[in-house]
Amino acid sequence: MFRTSSNPLDVIHDTETLFFLLCKSLGRYLLVYGIEKAGYEGWEIVCDGNYRLDNPDCFSKIDDVITTTRLKVTVHAPYGDLNLATLNDPIWRESIRQICTCIEHASKLTDRVTIHPGYLSPVGKLMPQKVWGLQKEALRQIGKYAQEYSVLACLENMISIKEFLCRVPDELIGMTEELKA
């Protein structure tokens, strides 16, 4: 049976449907208000996909949400398709560039940015010391950049998948020791 009405909300019978339709029409940023309403104090903005801070429209919407809540904010640097430990030099440089760009934009919102360490590619498995050195050099460059923007770059510990770097405390300590920035 079809029902006609001049008000499209007349056909909504439950709050889940209403919430879904509001999110779809008002945008994904509306979901953030649920974080505060659920009692959480902070929002980690994962800067991949629709939440990239280098996209002016995204940044503006994120900033609008932040200013209308009491949420504390941290930022997680992009990590999709990036690898700070790759032997592929153009990908390595692009990975550093994207994380530094994220840090620059994040500095307007927070003083903390979390970074995923790199991982071993099939070729990288043949040269683990070279990969380790590339990761450390990437962190050195990122740390220096973060310092310029008064941001603390935080290296995330990773889950126990053998290709990931920084899965155990000794690897995290080894990766960050001797870094000046």
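Atom set for the values below is all heavy atoms of this structure, side chains included, hydrogens, waters and symmetry mates excluded.
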Results of side-chain contact (heavy atoms from CB on, under 4.5 Å) for Asp111 - residues two or more places apart only: none

Transitive ILVMFWY side-chain link Leu87 to Trp132, under 4.5 Å: yes

Validation row: Glu177, Lys136 side chains within 4.5 angstrom (heavy atoms): yes

Salt bridge (Lys or Arg N to Asp or Glu O under 4.0 Å) involving Glu104 - partner list, sequence neighbours excluded: none

Exercise: identify the closest heavy-atom pair between Val151 and Thr110: CG2-O, 4.1 Å

Only pairs under 3.5 Å count here: list side-chain donor-acceptor contacts from residues 37-44, not counting sequence neighbours, and write none if there are none.
none

ILVMFWY cluster membership beyond Leu82 - transitive side-chain contacts under 4.5 angstrom: none

Contacts of type salt bridge (Lys or Arg N to Asp or Glu O under 4.0 Å), residue Asp64, not counting sequence neighbours: none

Same apolar cluster (I L V M F W Y, side chains within < 4.5 Å links), Tyr79/Leu155: no

N/O donor-acceptor pair under 3.5 Å between Lys162 side chain and Leu120 backbone: no

Show which side-chain atoms of residues 122-131 pair as donor or acceptor with protein atoms under 3.5 Å away, not counting sequence neighbours.
{"residue": "Lys125", "atom": "NZ", "partner": "Glu163", "partner atom": "OE2", "Å": "2.9"}

Taking every non-hydrogen atom, the tightest pair across Cys102 and Ala77: SG-CA, 3.8 Å

side-chain hydrogen bond (donor to acceptor under 3.5 Å, both in side chains) contacts touching residues 82-96 (sequence neighbours left out): Asp89-Arg93, Glu94-Arg97, Glu94-Gln98

Side-chain touch Pro117/Met175, heavy atoms, less than 4.5 angstrom: no

same_hphob_cluster(Leu71, Val75) at 4.5 Å side-chain heavy-atom cutoff: yes

With sequence neighbours excluded, residues passing side-chain contact (heavy atoms from CB on, under 4.5 Å) with Leu109: Ile45, Leu53, Phe59, Ile62, Asp63, Ile66

Hydrophobic cluster (4.5 angstrom, side-chain heavy atoms) - remaining members for Tyr119: Met158, Ile159, Ile161, Phe164

Set of residues satisfying salt bridge (Lys or Arg N to Asp or Glu O under 4.0 Å) with respect to Glu137, sequence neighbours excluded: Arg140

side-chain hydrogen bond (donor to acceptor under 3.5 Å, both in side chains) involving Thr69 - partner list, sequence neighbours excluded: none

Donor-acceptor contact present, side-chain Glu171 to main-chain Arg167, <3.5 Å: yes

Partners passing salt bridge (Lys or Arg N to Asp or Glu O under 4.0 Å) against Glu156 (at least two apart in sequence or in another chain): none

hydrophobic_cluster_shared for Ile91 and Ile96, side chain cutoff 4.5 Å: no

Exam field: side chain Thr176 to backbone Leu172, donor-acceptor pair closer than 3.5 Å: yes

